[in-house]
Amino acid sequence: VQLQASGGGLVQAGGSLRLSCAASGRIFESYHMGWFRQAPGKDREFVAVISGSGRDTYYADSVKGRFTITRDNPRSTAYLQMNSLKPEDTAVYYCSARAVRSVFMVFSSRPGDYGSWGQGTQVTVSS
């Protein structure tokens with residue numbers, strides 16, 4: 001599956017942004033969709049993941065209660081709504097897809113478990 005992320009930008013602390021990730025090439029519902037981020041000099045960090053149906057989600061503690069991951073399967077698009085942004089949220093944000101191999105497959109926060117990646121979109125939060 002090919003992924004295209006968009007929606008990043010510059011925002012003041014306390015503001016909001018919505019990232020989008022458009023997918024093409026495969027059956028969208030057969031993928032868990034994840035968002036990761038990477039700040040300069042740091043490892044890629046898990047942010048959130050959503051199941052193929054959109055019913056289940058899982059968040060990193062650092063964004064829980066502020067970020068919301070959703071998906072629109074007919075449009076083959078995943079979203080990350082980011083509210084109450086903080087300067088420490090500044091990073092390049094990447095969307096990713098992990099093929100569902102089994103109905104029992106659990107969520108993963110490891111970048112290596114995701115086979116497809118978008119190109120990244122910069123989010124900068126000023127204080």
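Computation of the quantities below employed the complete heavy-atom set of this structure, encompassing side-chain atoms and omitting hydrogens, waters and symmetry-equivalent molecules.
Here the shortest heavy-atom pairing between Trp35 and Ser20 reads CH2-O, 3.6 Å.
Atom CD of Glu29 and atom OG of Ser53 lie 10.0 Å apart (nearest 0.5 Å).
For Gln81, the side chain to side chain donor-acceptor pair (under 3.5 Å) partners two or more places apart in sequence, or in a different chain, are Asn83. Residues passing the salt bridge (Lys or Arg N to Asp or Glu O under 4.0 Å) test with Lys42: none are found, sequence neighbours excluded. Residues meeting the salt bridge (Lys or Arg N to Asp or Glu O under 4.0 Å) test with Asp56, sequence neighbours left out: none. Under the side chain to side chain donor-acceptor pair (under 3.5 Å) criterion, Gln122 pairs with Thr124, not counting sequence neighbours. Here Arg18 pairs with nothing under the salt bridge (Lys or Arg N to Asp or Glu O under 4.0 Å) rule; sequence neighbours left out. With sequence neighbours left out, Glu45 forms a side chain to side chain donor-acceptor pair (under 3.5 Å) with Arg37. Under the rule for a salt bridge (Lys or Arg N to Asp or Glu O under 4.0 Å), Asp43 has no partner lying at least two apart in sequence or in another chain.
In this structure a side-chain-to-backbone donor-acceptor pair under 3.5 Å is missing from Tyr114 to His32. Put simply, the side chain of Ser96 gets close to the backbone of Gly34: a donor and an acceptor are under 3.5 Å apart. With Ser30 contributing its side chain and Val100 its backbone, the two residues share no donor-acceptor pair below 3.5 Å.
The shortest side-chain heavy-atom distance between Asp89 and Met82 does not fall under the 4.5 Å cut-off. Using a 4.5 Å heavy-atom cutoff, the side chains of Arg98 and Val49 are not in contact. Side-chain contact between Gln119 and Gln4 is present, with at least one heavy-atom pair separated by less than 4.5 Å.
Residue pairs meeting the ring pair (Phe, Tyr, Trp, His ring centres under 6.0 Å) criterion with at least one member in residues 2-29: none, sequence neighbours excluded. A ring pair (Phe, Tyr, Trp, His ring centres under 6.0 Å) check over residues 54-74, counting only residues at least two apart or in different chains, returns the pairs Phe46-Tyr58. The salt bridge (charged side-chain N to carboxylate O under 4.0 Å, His left out) contacts involving residues 112-127 comprise Arg110-Asp113, where partners must be two or more places apart or lie in separate chains. Pairs passing the salt bridge (charged side-chain N to carboxylate O under 4.0 Å, His left out) check and including a residue from residues 114-127, sequence neighbours excluded, do not occur. Residues in residues 78-104 take part in no ring pair (Phe, Tyr, Trp, His ring centres under 6.0 Å) pair, two or more places apart or across chains.
Leu10 CG: more than 12 foreign heavy atoms inside a 6.0 Å radius.
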